[in-house]
Amino acid sequence: MNDQKPWYLSRTIWASLVSVMSAAAAVIGLPVSGLDNAALTDALLQAITAISGLIAIFGRMRATTRIG
């Protein structure tokens with residue numbers, strides 16, 4: 001396992017963040033008993049992928065210099 005990737009592409013990191021957030025939500029009194037952490041992690045990753053794609057498109061449209 002010599003390949004490296006940014007932290008934000010790691011499913012383990014996102015699943016851990018979802019677990020920490022759901023535990024924190026339970027501590028402050030939000031109802032999280034029916035929460036499916038795996039489904040929430042997948043939904044967050046899909047949303048992040050969509051947002052990063054939009055940022056890439058808009059960034060390229062606003063660019064003032066050519067790629068190359």
Exercise answer: donor-acceptor pairs, residues 12-21 side-chain atoms, under 3.5 Å, sequence neighbours excluded:
unit_1	atom_1	unit_2	atom_2	d
W14	NE1	Y8	O	2.7
S16	OG	T12	O	2.8
S19	OG	A15	O	3.0

Quick one: closest heavy-atom pair of R11 and D42, and the distance?
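Looking at all heavy atoms of both residues, the shortest contact is NH2-OD1, 2.7 Å.
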
Rounded to the nearest 0.5 Å, how far does OG1 of T49 lie from CG of L44?
10.5 Å

Filter on salt bridge (Lys or Arg N to Asp or Glu O under 4.0 Å), then keep only pairs touching residues 18-32, sequence neighbours left out; what's left?
none

